[in-house]
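One structure is given here, and the rest of the page talks about it.
First listed ligand is number 1; within each ligand, the first listed atom is number 1.
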Amino acid sequence: MAYPDYWNPRIETMPLDELRAIQNIKLQKQMRYVYERSPFYRRKFDSVGIKPEHIKTVEDLAELPFTTKEELRQSQAECPPLGLHTAADLDRVVRVHSSSGTTGRPVFVGITEYDRQTWIEIVSRLWWTQGTRPNSRMMIGFGMGIFVGGLTMYDGLMNIGAMFIPIGTGASERMLDTMLAFKTDILACTPSYAIYLAEYARNKAGIDPGTLGIKRVQCGAEPGGGVPGVRDRIAADWNAIVTESIGSADVSGIYAAQCDELQGNHFLVPDYVVYEIIDPDTGKVLPIEDGVSGEIVITHIDRECVPLVRYRLRDHMLVATAPCKCGRTGHRLRCVGRTDDMLIVLGVNVFPSAVKDVVSELRPRTTGEIQILLDQPGPKVKPPLQVRVEHGPDVQDLAALKKEVEGVIRGRLVVPAHVELVPAGTLPRFEMKAQLIKKLYE
Ligand SMILES: [Zn+2]
């Protein structure tokens, strides 16, 4: 059966200047709402002498201070459970999620029924962009708990009408049995789980994962699905198209996703959220143009429970604005690392995750595992960058490999590196977010 190309063609293909006009109208309304309903934001606006009516356009947002996760955490400690920044009564909250921070206590995020309905629309667009259709049969390897990915995804898939099989992680045998029984064609999970499950199928069940009939692997919840080296491996394992999406409970569950052109994640929520790109060091707003990179800052323009204004996500994004063949007008974002992890070598910004990405491309000569050694606190690092890299089990000429890895890091990331090769399995593995930096000074 032929389905349309877009879930919401009006918004997804709208020229950006038309969208901007809608965004500015919604922004004005949201600023008034936030000022009236959120003591946290009233205080923030007052601290710089700005009234909501001063904010007429997205560009005017630069007049306002940023909001940080630390402030939200503080606000919830001051006024539990949802905090002073919350703009809706607790009785109107229909669901609570928590945002997963890499550091510190998680922050709760509430949604009202109105918010839930907007999230359903948002997530429907995101799944559709990644190729989900009403006749899709989806195997879900995400948990359904307080983590924002699970239930939000469920709502969206029910709205599309796709088949939803929530197996979660930790039940790989059942996952494979169910895949065979239902002839599922989409696997949605973290990139690490897609790799793990393929190995499990091959080594434990004696099944080539590429023959299981999975046509698409939709990755999320951690970086990797958008990294060419990792993506190619998953695509080869499963004989499938691999896409990724980017989400955060602080924004709108999931907010950007890849189309089949695989050129970054389309920002698909322009009628609910606006974004700015800033220099993380100076806080200066950077003009959004093709190839710009910096930290993403979001402002809600249609949110009831927890509208945020100039919220720093601490994710460093590379933005593509050139038109995409799929016809969607939304800019494409690629997360290149966390602002908090950024290092500076000879004036060049380097993310540990980017080092891991380029080293991963040398598989199987490397295992893709790395560790960066710092002998003093960052972000400035005295060159060369010290990197431990695991070599693959069958490598004979270690000297040549060391040279090659150093060359690739210098060539791709423009920083000099000193590589120390260590045997496969030496470096620590992390179940959740990887710690790629070892601090020798602590
Ligand atoms: Zn596209």
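The closest side-chain donor-acceptor pair between Gln76 and Arg73, if any, does not fall under 3.5 angstrom. With 3.5 Å as the limit, one finds no donor-acceptor pair spanning the side chains of Thr152 and Asp155.
Excluding waters, the set of protein N, O or S atoms lying under 2.8 Å from the Zn ion (ligand 1) comprises Cys259 SG, His266 NE2, Cys324 SG, Cys326 SG.
In Phe108, the CZ atom is not crowded: 12 or fewer heavy atoms of neighbouring residues, nucleotides or ligands sit closer than 6.0 Å. Environment of NZ in Lys438: sparse, with no more than 12 heavy atoms of neighbouring residues, nucleotides or ligands closer than 6.0 Å. Annotation for Arg174: atom CZ does not count as buried by contact number, only 12 or fewer foreign heavy atoms lying within 6.0 Å.
Among residues two or more places apart in sequence or in another chain, the ring-ring contact (aromatic ring centres under 6.0 Å, His included) test is passed with Trp238 by none.
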